[in-house]
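Letters go in sequence order (proteins before strands), and every chain restarts at 1.
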Protein chains: 2
Amino acid sequence: MTPPDTPLIPSRREVRRKDRRDAILSVAQVYFLEHGFADTTMSGIAAELGGSKGTLWKYFPSKEALFAAVVERAAKAYQGRLSQILDPHGSLEPTLQSACRSLIEKVTSPDASALHRLIVAQGRRFPELSKIFFDLAPQNTRLLLADFLHGAMTRGQLRSADPIDAARALLSLSLSGCHQQMLIGRIDRPAPNEIAADAAFAVDIFLRAYAPQSRPQPDAAIV
Amino acid sequence: MTPPDTPLIPSRREVRRKDRRDAILSVAQVYFLEHGFADTTMSGIAAELGGSKGTLWKYFPSKEALFAAVVERAAKAYQGRLSQILDPHGSLEPTLQSACRSLIEKVTSPDASALHRLIVAQGRRFPELSKIFFDLAPQNTRLLLADFLHGAMTRGQLRSADPIDAARALLSLSLSGCHQQMLIGRIDRPAPNEIAADAAFAVDIFLRAYAPQSRPQPDAAIV
DNA sequence: GAAATAGCGTACTCTATGGTACGATTTTAT
DNA sequence: ATAAAATCGTACCATAGAGTACGCTATTTC
């Protein structure tokens, strides 16, 4: 009865297939993040999955394809929920600080930094993947933040300037502490108070540099 | 005659050996930078070298050992000559700008960024190497710069603050442009004017944030 | 000049792993 | 119920590359 001939109602097979595919990606992601590209084995993934190798190749025609799928999926999941925090009605400094804190927290999670490492590592082999990832993740965050800063500028809370540049400055300041340490491998996880300190530092510098009508008087020559 | 029994006079053999070792490292470096760790083959290095594989293992007991040696050597070579540029007598802004420019230039050279990528990529497998590298390279630069900034602070050219933090801020601002783009793989080489622009931007923000006695309060009027 | 040493070339072993083949079994669709 | 599709398990293939063995030659030392 009611033959589901439209693609709108996914058949049981299709559902199952999607589930299976997702399961594969999850297992693969763990492996890739943990071991990197070269040291992840298809056999290992298949074993962990419980299925057979043949099935694996039925879903992904090669290791590279699987890797690409993992990265794309992870990149999408990476997208930040920064927008909620960036409330234009709150007062500026606390808003920025909590935004930065939240960003740093996210970006210093073990998964996120492992992903970052992985992408950078394979940047030569999969240049398109880097692009996808960095378009989805940092680029997106920057735009969100730039938009917010633009608002603050028009409200006179900040001096007028290129909001994209301003966002870049704030972001890079935010990530110059724990995050760097993590990527370097010098620390495993930042302490919460370090995150707060990084955020406070970044916002402090940022606000000094972008205070309304603040113009430093040293030897001019700023074009 | 005059048997050179002291180790001070290196025998011809020792010289030769050192040369050979260095040649191996050079070839290996090219390979590693170009292909990463996993995709560099010992056989390939041996072939390029012209020698035999046996010789290779006579110098380095394993691929990992060779890799470590390459990184250590490269890291040492990486150390910056920033000190010459940081002349305490010049006026502040141009000095900082040229220092930043020079840094960005160095750090965005294909070799440097390939090295950076390599280290980050292998950070899990060789944590000690990351430490060596990042102690030698950015850490060193930061200290040099911090020292200079400290001087500028005591001379009243900058407000008093933690010079290390200040150096961190300036560096992270400097590297937030082309350098990021490069690591991401979005560009291959930065145009010279982009480098200058990045430096100018960083120094501008930095000077605004670290201007002497500049407080974000608009009504200042403090001498 | 003789002994030690280093290096060369080549062939070889061993292991890991991406990817395939295939018959048996289960699940889904009708 | 029955045919088609998906999965499973397992054995297998092909390749690649780290590391070894070994006999021959060139260089260095004394």
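- With contacts defined as side-chain heavy-atom distances shorter than 4.5 Å, the pair Gln97(A)/Arg101(A) qualifies.
- In this structure, Arg21(A) atom CZ and dA6(D) atom P are separated by 15 Å, rounded to whole Å.
- Distance, Phe60(A) CZ to dT20(C) C1': 19 Å, rounded to whole Å.
- Applying the side-chain hydrogen bond (donor to acceptor under 3.5 Å, both in side chains) criterion to Ser172(A), with sequence neighbours excluded, gives Ser172(B).
- For Phe206(A), the ring-ring contact (aromatic ring centres under 6.0 Å, His included) partners two or more places apart in sequence, or in a different chain, are Tyr210(A).
- For the ring pair (Phe, Tyr, Trp, His ring centres under 6.0 Å) condition, no pair includes a residue of residues 43-66 of chain A, sequence neighbours left out.
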Q) Going 5' to 3' along nucleotides 20-28 of chain D, which nucleotides have protein heavy atoms under 4.0 Å from the base (write B), which only from the sugar-phosphate (write S), and which from neither (write -)? A) B-------B
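- Going from atom NZ of Lys18(A) over to atom C1' of dA6(D) covers 18 Å, rounded to whole Å.
- Summary for the helix from dG1(C)-dC30(D) to dT30(C)-dA1(D): the axes at its two ends, each from 5 pairs, differ by 30° when rounded to the nearest 10 degrees.
- At a non-hydrogen distance threshold of 4.0 Å, Thr40(A), Thr41(A), Met42(A), Ser43(A) from residues 23-51 of chain A come into contact with DNA chain C.
- In this structure, the side-chain hydrogen bond (donor to acceptor under 3.5 Å, both in side chains) partners of Asn140(B), at least two apart in sequence or on a different chain, are Gln79(B).
- In this structure, the side-chain hydrogen bond (donor to acceptor under 3.5 Å, both in side chains) partners of Arg168(B), at least two apart in sequence or on a different chain, are Ser176(A).
- Distance Glu14(A) CD to dA5(D) P: 14 Å, rounded to the nearest Å.
- One atom, NZ of Lys58(A), and another, P of dG9(D), lie 15 Å apart when rounded to the nearest Å.
- For the pair Leu56(B) CG and dG19(D) P, the interatomic distance rounds to 10 Å; values are reported in whole Å.
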Side-chain donor-acceptor distances from residues 109-120 of chain B under 3.5 Å, at least two apart:
unit_1    : atom_1 : unit_2    : atom_2 : d
Ser109(B) : OG     : Lys106(B) : O      : 3.2
Ser109(B) : OG     : Ala112(B) : N      : 3.1
Ser113(B) : OG     : Pro110(B) : O      : 3.3
Arg117(B) : NH1    : Met182(B) : O      : 3.4
Arg117(B) : NH1    : Leu183(B) : O      : 3.2

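- Considering only residues two or more places apart in sequence or on other chains, Ser174(B) meets the side-chain hydrogen bond (donor to acceptor under 3.5 Å, both in side chains) condition with none of them.
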Please output the side-chain donor-acceptor pairs of residues 38-46 of chain B that fall under 3.5 Å, not counting sequence neighbours, one pair per line with the distance.
unit_1   : atom_1 : unit_2    : atom_2 : d
Asp39(B) : OD2    : Arg125(A) : NH2    : 2.9
Thr40(B) : OG1    : Tyr31(B)  : O      : 3.2
Thr40(B) : OG1    : Gly36(B)  : O      : 2.6
Thr41(B) : OG1    : Gly44(B)  : N      : 2.8
Ser43(B) : OG     : Lys53(B)  : NZ     : 3.4

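- Residues forming a side-chain contact (heavy atoms from CB on, under 4.5 Å) with Ser62(B) (at least two apart in sequence, or on another chain): Glu64(B), Ala65(B).
- For Arg20(A) and dA6(D), the CZ to P distance is 14 Å, given to the nearest whole Å.
- Rounded to whole Å, atom P of dG19(D) lies 18 Å from atom OH of Tyr59(B).
- Relative to the ring axis of Phe37(A), Lys63(A) places its NZ or CZ within 45° and under 6.0 Å from the centre.
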